[in-house]
Amino acid sequence: MERVLKDDATEEKGERARMASFVGAMAIADLVKTTLGPKGMDKILQSTGRGRSVTVTNDGATILKSLHIDNPAAKVLVDISKVQDDEVGDGTTSVVVLAGELLREAEKLVNMKIHPMTIIAGFRMAAECARNALLQRTMDNKENTDKFRADLMNIAMTTLSSKILSQDKEYFAELAVDAVLRLKGSTNLEAIQILKKPGGSLKDSFLDEGFILDKKIGIGQPKRIENAKILVANTAMDTDKVKIYGARVRVDSMSKVADIEAAEKQKMREKVQKIIAHGINCFVNRQLIYNFPEELFADAGILAIEHADFEGIERLALVTGGEIASTFDNPESVKLGHCKVIEEIMIGEDRLIHFSGVEMGQACTIVLRGASEHVLDEAERSLHDALCVLSQTVNDTRVLFGGGWPEMVMAKEVDELARKTPGKKSHAIDAFSRALQAIPTTIADNAGLDSAELISQLRAEHHMENCTAGIDVITGSVGDMQKLGIQESFKVKQAILLSATEAAEMILRVDEIITCAPRRREDRM
């Protein structure tokens, strides 16, 4: 028989293809498994590029993003963890572990000669059942602000307890909750700026009501301004020198060059006067400001800040309630930003500009201090996770207990469904319930506890009505999640459940893997 595919292309069929995809997905799940839970370990990722940069992290998405993976099924898992990170921010490890467990169970069923479509149908039923089980057990305190704030604190502490910030989790949870409640329900985290300054310890981090711009104040300019009117602009302030690219100016004497320069200078002066005519006392520009216009601003007693990055001016405009201007002909149409005080502050060794008493109370700056760059990067990732989860929870206020409680609730309901369902699907549903229990099992394993013993105790507890038992990793026993205040957001759990099930289904459907031959370069001799 002639080969259909070109040379070098390979195809794997049936059993072999399925084996390859199962094995790849399970390997990925086992890789991030050890980072799950409050006692999860970190991983060091070293890049092969220049500088051999090192990242220390236990954020599932960060680990998987940095891996270069060949196995197609493993890529699917990397994708779901990325989506989980963008969508809700937390649960990136759980989603991969759950998908891996579902595939591990599915492999056993396939070996029992149950058709993948039957397994998928069972998984579908089980996922729906599990979601309904959670929906019935959610709590919602959005009417009562104090209780809701306590819920948010608990969620933040639960999220942070598996990260580097777990030592000072109350402190950082407080920071995160304050920052998110400022947003008043928007999920746009742009308004929360995170500044990282090496030095000090993590405890020295603080939340600042105002806005901090990582720039220095220019020479000969006022160091402190009260009741500032700020013009935020994106315009070129460097035209006082002759800059005519690609054009040639023919002159018959040097004095003509001087005339041209003088004209340029005059143009600049007029532009600066237009800007001053807005009645401002602080001018923030995204681009450079040359010495000449800077001098003119200083003479007019205006604080000019150059080169505030794009994000910087976008945030500033958000925070001070101004708009970004690029032409200055009609001052009345430009919206100026306002704030009470602009001053220079020191954090560690660096000087920064601090805007306080801003219009929109919605923005704030979190300044992180820490021993080294790696610690700061990881702290920022952890804090970002917490902020994402909180901002999602403010919109969808339903919460659940944590610590393996939701998985056990789901497993119990799914188990009952399996007993009622006739036919081969019931095997798949049963397998789904076992996969769900893998998450509390892994949490216990990572803490070095006897997982089999703990999970069987938990299962017994959960057969009682309204039980709130979960794994208490600190004492190493079954604990009451309500007393311990371990809570999670419903939205995160739901996203984990649905993404993991869909990813597992997708990988299960595979029965052939075709790898195309790389395109050859023709010899151009």
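No hydrogens, no waters, no symmetry mates; every other heavy atom, side chains included, goes into these values. Computed from a prediction, not measured in an experiment: that's the story for all the values here.
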Chemist: Using atom types as modelled and distance alone, determine if a side-chain donor or acceptor of W405 lies under 3.5 Å from a backbone N or O of I471.
Modeler: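 No, the answer is negative, given that no donor and acceptor are paired below the 3.5 Å cut-off.
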Chemist: Can you check whether V409 reaches P406 side chain to side chain, under 4.5 Å on heavy atoms?
Modeler: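 Not touching, per the 4.5 Å side-chain cut-off.
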Chemist: Please check if the side chain of H462 supplies one atom and the backbone of A469 the other of a donor-acceptor pair under 3.5 Å.
Modeler: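 Present.
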Chemist: Any ion pair linking K493 and E407 (charged N to carboxylate O, less than 4.0 Å)?
Modeler: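 Yes.
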Chemist: Checking the side chain of E378 only, and the main-chain atoms of N58 only, is there a donor and an acceptor separated by less than 3.5 Å?
Modeler: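 Flag set: sc E378 to bb N58 pair under 3.5 Å.
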Chemist: If every non-hydrogen atom of L207 is compared with every non-hydrogen atom of A179, which pair is closest and at what distance?
Modeler: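 The answer is CD1-CB, 4.0 Å.
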Chemist: Should we say atom CE of M41 is surrounded by more than 12 heavy atoms from elsewhere, each under 6.0 Å from it?
Modeler: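 Result for CE/M41: open.
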Chemist: Using a cut-off of 6.0 Å, state whether more than 12 heavy atoms not belonging to H384 lie near its atom NE2.
Modeler: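 Count not over threshold, so no.
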Chemist: Please test T468 against D480 for side-chain hydrogen bond (donor to acceptor under 3.5 Å, both in side chains), starting from the C-alpha separation and ending with a verdict.
Modeler: CA-CA 6 Å; T468 52; D480 180 352; 2.6 Å; yes
Chemist: Look only at the side chain of Q84 and the backbone of A500, and say whether a donor-acceptor pair between them is shorter than 3.5 Å.
Modeler: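 The answer is no, because no donor-acceptor pair under 3.5 Å joins these two groups.
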Chemist: List the steps and the verdict of side-chain hydrogen bond (donor to acceptor under 3.5 Å, both in side chains) for E453 and Q457.
Modeler: CA-CA 6 Å; E453 171 74 18; Q457 278 179 15; 3.1 Å; yes
Chemist: So, are D140 and R398 salt-bridged, with charged N and O less than 4.0 Å apart?
Modeler: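 Salt bridge: no.
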Chemist: Check for a donor-acceptor pair, side chain of R369 on one end and backbone N or O of L202 on the other, with a separation under 3.5 Å.
Modeler: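 Checking the backbone N and O of L202 against the side chain of R369, no donor-acceptor pair under 3.5 Å is found.
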Chemist: I'd like to know if the side chain of T118 reaches the main chain of I114, judged simply by a donor and an acceptor atom lying under 3.5 Å from each other, with no hydrogens or angles considered.
Modeler: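 No; judged by distance alone, with no hydrogens or angles, the pair does not exist.
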Chemist: Are M139 and Q487 side-chain neighbours, meaning at least one heavy-atom pair lies under 4.5 Å?
Modeler: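 They are in side-chain contact.
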Chemist: Show the numbers, then the answer: is there a side-chain hydrogen bond (donor to acceptor under 3.5 Å, both in side chains) between T92 and S81?
Modeler: CA-CA 5 Å; T92 47; S81 96; 5.9 Å; no
Chemist: Between Q437 and R459, is there a side-chain heavy-atom distance shorter than 4.5 Å?
Modeler: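 In contact.
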Chemist: Would you check if N132 and C129 make a side-chain contact, meaning some heavy-atom pair closer than 4.5 Å?
Modeler: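 No; the side chains remain at least 4.5 Å from each other.
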Chemist: Nearest 0.5 Å, what's the CG-CD distance between L195 and E380?
Modeler: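 Going from the CG atom of L195 to the CD atom of E380 covers 9.5 Å.
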Chemist: If you define the side chain from C-beta out and look only at heavy atoms, does anything of R419 sit under 4.5 Å from S426?
Modeler: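 When only atoms from C-beta onward are counted, S426 and R419 do not touch, as no gap falls below 4.5 Å.
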Chemist: The criterion is salt bridge (charged side-chain N to carboxylate O under 4.0 Å, His left out); which residues satisfy it with R16, sequence neighbours excluded?
Modeler: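 Salt bridge (charged side-chain N to carboxylate O under 4.0 Å, His left out) check on R16 returns E12.
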Chemist: Check the pair L109, M112 against side-chain contact (heavy atoms from CB on, under 4.5 Å), reporting the backbone distance first and the verdict last.
Modeler: CA-CA 5 Å; L109 297 176; M112 283 160 59; 4.2 Å; yes
Chemist: In Å and rounded to the nearest 0.5 Å, what is the OG1 to CG distance from T501 to L436?
Modeler: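 Result: 8.0 Å between the selected atoms.
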Chemist: Atom OG1 in T397, atom CG in D151: separation rounded to 0.5 Å?
Modeler: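 The CG atom of D151 is 9.0 Å from OG1 of T397, to the nearest 0.5 Å.
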Chemist: Hey, can you tell me if F432 and F123 have their rings parallel, tilted or perpendicular (30° and 60° cut-offs)?
Modeler: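 Rings of F432 and F123: perpendicular, over 60°.
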Chemist: Hey, is the main chain of A17 close enough, under 3.5 Å, to the side chain of S21 for a donor-acceptor pair?
Modeler: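 Flag set: sc S21 to bb A17 pair under 3.5 Å.
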Chemist: For the side chain of Y171 and the backbone of S205, is there at least one donor-acceptor N/O pair under 3.5 Å apart?
Modeler: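 It does hold such a pair.
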Chemist: Rounded to the nearest 0.5 Å, how far does CE of M125 lie from CD1 of I120?
Modeler: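 Answer rounded to 0.5 Å: 14.5 Å.
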Chemist: Answer yes or no: does atom NZ of K412 have more than 12 heavy-atom neighbours from other residues, nucleotides or ligands under 6.0 Å?
Modeler: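 Correct, the count exceeds 12.
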Chemist: Quick one: closest heavy-atom pair of I429 and G122, and the distance?
Modeler: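 Heavy atoms only, the tightest pair is CG1-O, 3.5 Å.
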Chemist: Do the charged groups of K75 and D79 touch, with an N to O distance under 4.0 Å?
Modeler: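 So K75 does not pair with D79 through a salt bridge.
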Chemist: Ignoring hydrogens, what is the shortest heavy-atom contact between L497 and A127? Give both atom names and the distance.
Modeler: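 Distance-wise, the nearest heavy atoms are CD2-O, 3.7 Å.
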Chemist: Tell me, yes or no, whether the heavy-atom count around D86 atom CG, taken from other residues, nucleotides or ligands under 6.0 Å, exceeds 12.
Modeler: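 For D86, atom CG is crowded (more than 12 foreign heavy atoms under 6.0 Å).
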Chemist: What I want to find out is whether K163 reaches D385 closely enough, with some N-O distance under 4.0 Å, to be called a salt bridge.
Modeler: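 Salt bridge present between K163 and D385.
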Chemist: Between the main-chain N or O of I496 and the side-chain N or O of S499, is there a donor-acceptor pair closer than 3.5 Å?
Modeler: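 Checking the backbone N and O of I496 against the side chain of S499, no donor-acceptor pair under 3.5 Å is found.
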Chemist: How far does CE of M481 sit from OG1 of T158, to the nearest 0.5 angstrom?
Modeler: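 One finds 9.5 Å between CE of M481 and OG1 of T158.
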Chemist: Under 4.5 Å between any side-chain heavy atoms of S382 and L160, yes or no?
Modeler: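 Yes. Closest side-chain heavy atoms under 4.5 Å.
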Chemist: Pairs under 3.5 angstrom only: tabulate donor-acceptor contacts from the side chains of residues 24-40 to other protein residues two or more places apart or in another chain.
Modeler:
from, atom 1, to, atom 2, distance (Å)
D30, OD1, R104, NH2, 3.2
D30, OD2, R104, NH2, 3.2
K33, NZ, E101, OE2, 3.2
T34, OG1, K43, NZ, 2.6
T35, OG1, V32, O, 2.7

Chemist: So, for L508 and A106, which heavy atoms are closest and what is the spacing to 0.1 Å?
Modeler: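 Heavy-atom minimum between the residues: CD2-CB, 3.8 Å.
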Chemist: Is it true that D85 and R381 make a salt bridge, defined as a side-chain N closer than 4.0 Å to a carboxylate O?
Modeler: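 So D85 does not pair with R381 through a salt bridge.
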Chemist: Taking all heavy atoms of A504 and all of L102, pick out the closest pair and write down the distance.
Modeler: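 That would be CB-CB, 3.9 Å.
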Chemist: Which distance, rounded to the nearest 0.5 Å, do you find between the OG of S162 and the CG of D42?
Modeler: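 Answer rounded to 0.5 Å: 9.5 Å.
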Chemist: With a 4.5 Å heavy-atom cut-off, do V97 and T93 have their side chains touching?
Modeler: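 In contact.
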Chemist: Counting heavy atoms not belonging to R124, are there more than 12 under 6.0 Å from its CZ?
Modeler: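 For R124, atom CZ is not crowded (no more than 12 foreign heavy atoms under 6.0 Å).
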Chemist: Provide the closest heavy-atom pair for T393 versus F148 in the form atom of the first, atom of the second, distance.
Modeler: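 Here T393 and F148 meet closest at O-CZ, 3.9 Å.
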Chemist: Should P116 and R509 count as side-chain neighbours, where that means a heavy-atom distance under 4.5 Å?
Modeler: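 Heavy-atom side-chain distance check fails, nothing below 4.5 Å.
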Chemist: Applying side-chain contact (heavy atoms from CB on, under 4.5 Å) to I443 and V473, what does each step give before you reach the verdict?
Modeler: CA-CA 8 Å; I443 293 178; V473 195; 4.0 Å; yes
Chemist: As a quick check of understanding, evaluate salt bridge (Lys or Arg N to Asp or Glu O under 4.0 Å) for D511 and R18, giving each step before the final call.
Modeler: CA-CA 6 Å; D511 75 333; R18 201 164 283 127; 5.6 Å; no
Chemist: Can L45 and T57 be said to form a side-chain contact (heavy atoms from CB on, under 4.5 Å), step by step?
Modeler: CA-CA 8 Å; L45 310 169; T57 177; 3.9 Å; yes
